[in-house]
Protein chains: 4
Amino acid sequence: MKRIAVLTSGGDAPGMNAAIRAVVRKALHEDMEVFGINYGYAGMVAGDIFPLTAKDVSDKASQGGTFLYSARYPEFKEKEGQLAGIEQLKKHGIEGVVVIGGDGSYHGAMRLTEHGFPAVGVPGTIDNDIPGTDYTIGFDTAVNTAVDVIDKLRDTSKSHIRTFVIEVMGRGAGDIALNAGISGGADEIIIPEVDFDFDEIVSRIQEGYKRGKKHNLIVVAEGVMGGEEFAQELKKHGDVGDLRVSILGHMQRGGAPTARDRVLASRMGAFAVDLLKDNKGGLAVGVEGEKLVARDIIETLTNHKHQTDLDLYKLSQEIS
Amino acid sequence: MKRIAVLTSGGDAPGMNAAIRAVVRKALHEDMEVFGINYGYAGMVAGDIFPLTAKDVSDKASQGGTFLYSARYPEFKEKEGQLAGIEQLKKHGIEGVVVIGGDGSYHGAMRLTEHGFPAVGVPGTIDNDIPGTDYTIGFDTAVNTAVDVIDKLRDTSKSHIRTFVIEVMGRGAGDIALNAGISGGADEIIIPEVDFDFDEIVSRIQEGYKRGKKHNLIVVAEGVMGGEEFAQELKKHGDVGDLRVSILGHMQRGGAPTARDRVLASRMGAFAVDLLKDNKGGLAVGVEGEKLVARDIIETLTNHKHQTDLDLYKLSQEIS
Amino acid sequence: MKRIAVLTSGGDAPGMNAAIRAVVRKALHEDMEVFGINYGYAGMVAGDIFPLTAKDVSDKASQGGTFLYSARYPEFKEKEGQLAGIEQLKKHGIEGVVVIGGDGSYHGAMRLTEHGFPAVGVPGTIDNDIPGTDYTIGFDTAVNTAVDVIDKLRDTSKSHIRTFVIEVMGRGAGDIALNAGISGGADEIIIPEVDFDFDEIVSRIQEGYKRGKKHNLIVVAEGVMGGEEFAQELKKHGDVGDLRVSILGHMQRGGAPTARDRVLASRMGAFAVDLLKDNKGGLAVGVEGEKLVARDIIETLTNHKHQTDLDLYKLSQEIS
Amino acid sequence: MKRIAVLTSGGDAPGMNAAIRAVVRKALHEDMEVFGINYGYAGMVAGDIFPLTAKDVSDKASQGGTFLYSARYPEFKEKEGQLAGIEQLKKHGIEGVVVIGGDGSYHGAMRLTEHGFPAVGVPGTIDNDIPGTDYTIGFDTAVNTAVDVIDKLRDTSKSHIRTFVIEVMGRGAGDIALNAGISGGADEIIIPEVDFDFDEIVSRIQEGYKRGKKHNLIVVAEGVMGGEEFAQELKKHGDVGDLRVSILGHMQRGGAPTARDRVLASRMGAFAVDLLKDNKGGLAVGVEGEKLVARDIIETLTNHKHQTDLDLYKLSQEIS
């Protein structure tokens with residue numbers, strides 16, 4: 001291929017800009033031309049497509065968000081939208097597209113592939129819930145943001161003898177809660193993958209205070225239930241003293257990406273270009289251990305599911 | 001005086017540890033002895049009082065929270081509690097006390113003073129709502145924490161064309177909202193000191209999107225209303241597109257204090273010792289411009305009220 | 001005036017972008033037109049001058065550096081350069097200019113004023129060494145950056161029983177060293193304004209280690225001498241054990257500005273526009289206590305000198 | 001085993017405290033007793049050994065440095081020292097020891113193993129240069145610290161059109177330089193593993209400025225040469241304009257560990273306890289991909305060498 005495009009889709013994630021930068025720079029390095037598409041699939045269908053230069057992505061790696069903007073665009077689930085998008089790409093002479101995004105974005109890439117247009121998916125989402133990769137771009141930053149907040153809450157919680165329920169992102173996967181919880185020294189980590197019992201939690205909190213514990217931190221993945229709801233339920237099961245709730249919310253999506261997310265994004269972006277250069281489409285980029293891999297995107301979405309590392313959960317219980 | 005004590009009371013604030021450190025080090029420098037009291041007035045009444053050394057406060061200036069713990073203790077509003085506290089202090093030969101805290105803590109210090117026991121108040125609260133001082137310890141850190149979150153939310157808000165309602169602390173004073181809002185480039189700042197109109201806000205948001213604005217950030221002080229409630233009201237007044245809410249909450253109380261809070265805390269703590277050394281009690285420490293001041297605590301609490309700088313509000317409207 | 005320009009000059013400082021933003025937005029709010037000048041006085045003379053819109057400064061307040069670039073331009077010391085600059089400004093119909101920068105930049109503004117062209121100086125430099133203001137834009141950020149490094153060095157210093165010499169910026173003024181040193185709990189603070197004695201420092205270090213101190217942190221302002229040189233001298237005066245040097249250098253100029261710097265920059269930028277709007281030139285903007293002031297720039301530069309707060313130095317000795 | 005000890009040795013690294021915490025908590029969870037040793041092998045020989053409780057490691061995971069202190073202790077290279085250390089351990093009934101540290105520390109652990117005393121090495125060093133593991137504890141934090149500084153230097157470098165030589169840690173391995181360089185968008189990355197040519201660098205810098213580049217960032221691993229020396233050499237090979245040097249130095253060892261370092265440290269610490277519980281000594285803990293591994297420490301140190309990922313170097317050249 002000689003001309004490709006890149007877009008970001010779905011919820012934004014820190015590191016998306018670093019991935020775009022790598023796609024652009026690597027493509028130019030390979031003597032390919034590269035175009036940007038604004039607002040994801042919506043921009044593709046609307047023809048919001050324009051050439052990108054090396055300079056356009058200068059100083060972008062350190063910035064949060066995505067300078068190509070993102071949008072949810074349910075219309076792209078329909079065949080008409082997909083074909084309209086392909087038409088726009090072809091109008092610009094574009095032969096392949098790199099799609100950076102999460103679950104929904106991957107489905108769009110799968111559809112393009114099914115229609116014969118080569119698309120390569122790069123996993124960009126803070127939730128780390130994409131099949132075919134150990135890590136997604138943005139996950140490391142989101143975990144560090146959550147840990148930073150937990151560290152702050154521990155300061156104030158400890159000053160007061162207090163229990164905090166901390167709601168972190170993670171609709172389908174407990175990865176953020178698990179990693180942030182272990183890092184922040186949480187006393188309880190509540191994730192969708194593991195059952196829990198309110199009575200047992202209340203007992204542990206009460207025993208902790210008896211032993212002289214100054215604070216209790218409970219990290220809850222939003223996929224289990226909201227932080228306020230969790231706190232209400234907890235109170236119903238017994239006296240847990242001074243109880244507060246903190247909902248981290250959207251700040252977890254923002255901020256300058258960590259080094260790890262920038263490096264992962266750079267590697268994955270460049271790798272996606274390598275694949276398109278060799279006319280390989282219909283693939284999902286992933287990292288397994290230290291290695292980059294490319295898997296069939298249709299097979300991956302159909303037959304695989306992200307696995308949260310439950311050994312981490314066991315560890316969290318043993319050392320909390 | 002030759003022997004004094006120090007306590008922290010009310011909501012904790014970053015910089016309290018730096019203030020305690022300064023009280024201890026300065027007192028020792030002046031050949032005075034210094035005792036710590038755990039859990040504020042509750043610990044005073046319970047006799048949770050113990051000597052502090054220079055080494056005990058080593059490396060404490062950089063830590064959030066208060067290592068003397070804090071507690072709300074409504075019983076101290078009663079004369080009995082106050083006299084019981086004084087009795088405990090006298091039992092340890094303590095002749096004066098430094099009270100670091102907010103509004104409620106100052107009232108306790110006023111009562112001690114009324115009973116003839118010399119107390120000096122040092123303003124430690126993130127809200128900046130204490131009369132008799134331009135700035136309280138913890139305010140600068142809380143503002144920076146809020147700005148850090150706003151910067152992150154702007155990343156993600158901008159990627160999506162989105163409006164954010166951001167609730168920051170400040171029950172009685174809009175200072176955090178005002179300073180964080182200006183720093184974060186907020187489009188609207190809603191504070192208790194100034195009226196606002198939902199219809200006008202909706203109009204401005206709609207016009208902004210028409211002009212091509214990518215994001216709208218509305219910072220609301222909790223003293224006006226909760227962030228969720230504000231968002232609900234906003235929606236009732238017109239279409240504002242994709243609207244999200246972020247409630248910063250308790251994280252604003254934690255974290256390593258900023259340089260400014262550490263310096264202010266160090267100055268105020270040492271100044272309080274200077275006052276007690278000269279047997280001056282019943283005073284509230286403050287900073288006015290660059291100068292430290294000591295005001296009669298009873299007169300200050302009775303006749304003065306914190307003034308939020310409304311020129312800042314005007315400025316925020318002119319440059320947003 | 002109806003048309004003004006803004007430039008940044010000298011060493012860059014965090015908050016300069018927030019100041020430019022305020023100049024632009026406030027000018028537009030007052031129905032004035034505003035132009036940017038790239039590369040300070042060099043760009044003025046070269047005619048690198050262009051109109052700025054509200055959107056051009058969107059999202060700039062949070063960014064370090066200056067998007068108008070800065071340059072040292074010694075040629076502007078000559079009358080020819082000054083007149084050539086004024087000619088360029090007049091060519092664009094510009095009636096007044098806001099100069100954001102340090103000492104050298106102020107001298108340029110003074111010359112413009114002497115030639116009858118209204119210039120207003122806004123103090124932007126991390127060193128806090130400008131007469132006519134308590135604080136300069138960038139100082140608070142630089143101090144916080146230095147404190148962040150000192151906190152890190154204390155971690156490692158403490159793990160090893162080690163003495164660190166930490167060189168911070170401040171050629172003519174010890175303000176950064178003083179504020180960062182107090183905040184970081186430094187054991188010694190060496191500034192140009194106060195004499196010191198190597199033998200006494202060595203004695204204190206040796207006594208500290210005997211008492212069981214784990215670490216010694218010595219903060220040195222670059223205006224006294226370089227960190228490496230200081231360490232060499234120290235060693236000559238006695239055994240100080242494991243001694244390391246850390247030179248903070250240019251990182252102190254970068255980074256997202258603190259809330260305080262953003263607010264100060266916003267206030268000063270808007271105030272400078274107010275002055276020009278009223279056809280007041282030849283002024284230096286400053287903050288005294290909480291109030292903005294405008295002083296005659298020629299008189300200020302000729303007769304005043306920045307005063308470092310030596311009470312802070314005394315405090316640092318009493319509580320270290 | 002029923003009683004084990006833990007020590008930290010060599011240069012400290014962020015995450016060491018999280019590893020100690022995991023060793024302690026996991027050992028207690030397994031009904032083992034656990035002792036701490038201060039000052040590494042020096043403390044072992046001196047008998048500075050004491051029991052640790054769950055509470056002793058509370059709130060330690062977030063702190064930089066090592067609360068067990070570290071020390072270089074060349075005497076442990078001698079057989080006498082090693083036997084004296086073992087004698088002290090046996091005196092306390094200790095049956096195995098977890099050694100957290102770098103290269104030199106591992107050699108100590110190997111000697112203990114050779115004398116029949118079960119030691120398990122946990123890789124704690126920022127340099128990432130230990131054989132038998134993909135990552136060491138502290139590396140991720142050090143890289144992020146370096147990136148944070150590079151981001152700041154880019155702000156100021158860009159404001160001025162300037163080239164920066166940035167010296168980062170890494171005596172034997174270029175991993176920090178490589179990861180921080182890619183993350184920070186460095187133009188040149190100079191590491192011990194790859195040859196470089198001053199003339200070519202000068203050419204690229206000169207061409208960049210001609211194309212309108214605003215800044216050049218050159219990241220140099222200290223193992224190649226010092227930053228000042230590098231800058232001197234560079235100047236000898238041609239005109240590179242305004243050239244500055246920044247040496248990051250020891251700050252890279254400090255600071256709160258990143259989430260990744262805390263999780264890795266927690267996993268490795270707990271895993272080391274699992275090994276000792278099963279009476280397995282003489283092992284080096286590592287992570288390969290996502291899996292924890294235990295390798296023979298003698299074989300690992302004798303026959304293996306850390307491999308820096310040179311694909312990353314290639315990538316850095318393609319996208320810079």
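Quick note on labels: first sequence line is chain A, next is B, and so on, each numbered from 1.
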Euclidean distance, Ser58(C) OG relative to Arg154(B) CZ, rounded to 0.5 Å: 8.0 Å
Sort and list the pairs that fulfil side-chain hydrogen bond (donor to acceptor under 3.5 Å, both in side chains) and have at least one residue in residues 263-276 of chain B, not counting sequence neighbours. Lys26(B)-Asp274(B)
Tell me, please, which residues at least two apart from Asp134(B) pass side-chain hydrogen bond (donor to acceptor under 3.5 Å, both in side chains). none
Which portion of Lys158(C) sits near chain B, non-hydrogen atoms under 4.5 angstrom: side chain
Interface moiety of Leu312(B) toward chain C, non-hydrogen atoms closer than 4.5 Å: side chain
Highest number of heavy-atom pairs under 4.5 Å with chain C among Asn179(B), Asp311(B), Val143(B), Val57(B) belongs to Asn179(B)
Which atom names give the shortest non-hydrogen contact between Ala61(B) and Ser183(C), and what distance separates them? CB-O, 4.2 Å
Select, from Lys55(B), His215(B), Arg211(B), the one with the greatest count of heavy-atom pairs under 4.5 Å involving chain C. His215(B)
Go through Asp148(B), Asp140(B), Val147(B), Asp151(B) and name the one with the most non-hydrogen pairs under 4.5 angstrom from chain C. Asp151(B)
CZ of Arg260(B) to OG1 of Thr258(C): how many Å apart, nearest 0.5 Å? 9.5 Å
First locate atom CG of Leu315(B), then atom NE2 of His29(C), and finally report the distance between them rounded to the nearest 0.5 Å. 10.0 Å
Engaged part of Tyr135(B) at the chain C interface, taking heavy atoms whose separation is under 4.5 Å: side chain
Name the region of Ser316(C), side chain, backbone, both or neither, that has any atom closer than 4.5 Å to a heavy atom of chain B. neither
Given heavy-atom pairs under 4.5 angstrom as the criterion, report whether the side chain, backbone, both or neither of Arg21(B) touches chain C. side chain
Kindly compute the distance separating CG (Asn144(B)) from CG (Asn144(C)), expressed to the nearest 0.5 Å. 6.5 Å
